[in-house]
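These values consider heavy atoms only, across backbone and side chains, with no hydrogens, waters or symmetry-generated copies. In this chain, numbering begins with 1 at the start of the sequence shown. For clarity, every value in this text was computed on a predicted model and none was experimentally measured.
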Amino acid sequence: MANSASGMAVEDECKLKFLELKAKRNYRFIIFKIEGQEVVVEKLGSPEESYEDFSASLPSDECRYAVFDFDFITAEKCQKSKIFFIAWSPDTSKVRMKMVYASSKDRFKRELDGIQFELQATDPSEMSFDIIKERAF
C-alpha cells in the first residue's frame with residue numbers, strides 16, 4: 001500500500017509490532033528504517049531496556065523512525081505511559097536520505113494509531129530523556 005506522494009509502503013510487521021507495544025507492552029521501543037521503498041522494523045527493545053539503550057540503538061549517521069513507550073509515575077502516584085514518535089534525522093546523514101524520511105514521515109505516522117507525542121531530532125540533545133519527561137508531564 002504505497003503512498004503516491006512518497007511512494008513508500010509500510011510493512012505489516014511495523015503495524016503489528018506497534019500494536020503489541022501499545023496494547024501488550026511487549027516492547028520498550030521499536031526502531032524502523034526505510035529499506036528500498038518500504039518501512040520495516042529494524043530493532044525491537046525489550047521492556048527491560050532503558051531510554052539510554054534506545055538512544056544508543058539509533059545510528060549516528062542515518063535517519064530512522066522510532067517509537068518509545070515512556071512509563072512514569074505522576075505526582076498523584078498514578079502509573080502512566082506515553083508513546084512517543086521520534087523522527088531521527090542526524091545532521092551527518094545524507095541529504096537524499098533526510099528528504100525521503102521527511103517526505104514519508106506523516107504517512108508512516110498515520111499507520112501507527114495511538115502516538116501521543118512527536119519529537120524531531122537531528123542530534124541526541126534534541127531527544128534527551130529530560131525532554132521526553134518534560135513533554136510527558
Side-chain angles (χ1 to χ4, degrees):
M1 186 154 78
N3 175 5
S4 59
S6 71
M8 202 56 58
V10 177
E11 195 178 66
D12 285 341
E13 185 191 18
C14 295
K15 293 177 259 190
L16 293 172
K17 295 301 179 192
F18 177 74
L19 286 173
E20 288 178 25
L21 176 143
K22 185 173 88 168
K24 299 179 187 165
R25 303 283 187 242
N26 287 2
Y27 312 108
R28 173 68 51 215
F29 62 85
I30 307 172
I31 296 175
F32 306 93
K33 73 177 187 176
I34 294 175
E35 228 170 52
Q37 290 294 303
E38 189 171 45
V39 181
V40 300
V41 172
E42 181 179 54
K43 179 172 183 182
L44 299 168
S46 70
E48 299 77 41
E49 291 192 69
S50 68
Y51 191 76
E52 289 72 33
D53 297 324
F54 163 67
S55 298
S57 299
L58 293 169
S60 62
D61 60 350
E62 290 183 16
C63 300
R64 292 292 186 270
Y65 302 127
V67 288
F68 183 81
D69 185 12
F70 175 57
D71 288 329
F72 61 99
I73 309 282
T74 66
E76 296 81 32
K77 304 282 186 255
C78 292
Q79 178 77 35
K80 294 271 189 178
S81 176
K82 299 285 182 190
I83 297 174
F84 282 80
F85 178 87
I86 298 168
W88 172 244
S89 184
D91 290 331
T92 52
S93 59
K94 294 184 173 94
V95 172
R96 169 106 179 98
M97 181 184 280
K98 288 189 226 184
M99 289 170 58
V100 169
Y101 274 79
S103 66
S104 306
K105 178 184 66 118
D106 288 337
R107 157 86 168 78
F108 177 58
K109 207 174 90 179
R110 277 196 301 273
E111 298 283 338
L112 308 178
D113 185 38
I115 289 168
Q116 291 147 311
F117 296 99
E118 178 182 342
L119 282 179
Q120 286 190 243
T122 58
D123 76 69
S125 69
E126 294 176 348
M127 51 173 269
S128 70
F129 193 62
D130 288 339
I131 290 172
I132 295 284
K133 285 194 297 195
E134 192 178 291
R135 293 283 296 274
F137 283 96

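Partners of Tyr65 according to the ring-ring contact (aromatic ring centres under 6.0 Å, His included) rule, which considers only residues two or more places apart in sequence or in another chain, are Phe85, Tyr101, Phe108. Residues meeting the side-chain hydrogen bond (donor to acceptor under 3.5 Å, both in side chains) test with Lys82, sequence neighbours left out: none. For the side-chain hydrogen bond (donor to acceptor under 3.5 Å, both in side chains) test, residues two or more places apart in sequence or in another chain that qualify with Asp71 are Arg28, Ser81. Applying the side-chain hydrogen bond (donor to acceptor under 3.5 Å, both in side chains) criterion to Glu35, with sequence neighbours excluded, gives Lys33. In this structure Asp61 satisfies the salt bridge (charged side-chain N to carboxylate O under 4.0 Å, His left out) test with no other residue, sequence neighbours excluded. In terms of the side-chain hydrogen bond (donor to acceptor under 3.5 Å, both in side chains) criterion, residue partners of Glu118 (sequence neighbours excluded) are, by chain and number, Lys105, Lys109. Every ring-ring contact (aromatic ring centres under 6.0 Å, His included) that Phe54 has, sequence neighbours left out, goes to Phe29, Tyr51, Phe68.
Identified under the side-chain hydrogen bond (donor to acceptor under 3.5 Å, both in side chains) test for residues 83-96, with sequence neighbours left out: none. Residue pairs satisfying the side-chain hydrogen bond (donor to acceptor under 3.5 Å, both in side chains) criterion with at least one member in residues 127-137, sequence neighbours excluded, are absent.
Counting all heavy atoms, side chain and backbone alike, Phe117 lies closest to Ile115 at O-CG2, 3.3 Å. Across all non-hydrogen atoms, the minimal contact from Asp113 to Lys22 is O-NZ, 2.7 Å. Here the shortest heavy-atom pairing between Phe137 and Thr74 reads CE2-CA, 4.4 Å. What you find for Met127 and Ile132 is that their closest heavy atoms are O-CG1, 4.3 Å.
One hydrophobic cluster, built from ILVMFWY side chains closer than 4.5 Å, holds both Val10 and Met97. Tyr27 and Leu16 fall into different hydrophobic clusters, where Ile, Leu, Val, Met, Phe, Trp and Tyr are joined by side-chain heavy atoms under 4.5 Å apart, directly or via other members. Following chains of ILVMFWY side-chain contacts shorter than 4.5 Å, one can reach Ile34 starting from Ile30, so the two form part of one hydrophobic cluster. Hydrophobic cluster membership is shared by Phe84 and Phe72, with clusters built from Ile, Leu, Val, Met, Phe, Trp and Tyr side chains linked at under 4.5 angstrom. Both Phe32 and Leu21 belong to a single network of hydrophobic side chains, linked directly or stepwise wherever heavy atoms of I, L, V, M, F, W or Y lie under 4.5 Å apart.
At least one side-chain heavy atom of Ile83 sits less than 4.5 Å from a side-chain heavy atom of Phe18. Lys80 has its side chain out of reach of Ile73: every pair of non-hydrogen atoms, C-beta onward, lies at least 4.5 Å apart.
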Expected list for residues 39-48: side-chain donor-acceptor pairs under 3.5 angstrom, two or more places apart:
| residue | atom | partner | partner atom | Å |
| --- | --- | --- | --- | --- |
| Glu42 | OE1 | Arg64 | NE | 2.8 |
| Glu42 | OE2 | Arg64 | NE | 3.3 |
| Glu42 | OE2 | Arg64 | NH2 | 2.9 |
| Lys43 | NZ | Ser57 | OG | 3.0 |
| Ser46 | OG | Glu48 | OE1 | 3.1 |

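Here Glu38 contributes atom CD and Asp12 contributes atom CG; the two are 8.5 Å apart, rounded to the nearest 0.5 Å.
The hydrophobic cluster around Val95 extends to Met99, counting ILVMFWY residues whose side-chain heavy atoms fall within less than 4.5 Å of a member.
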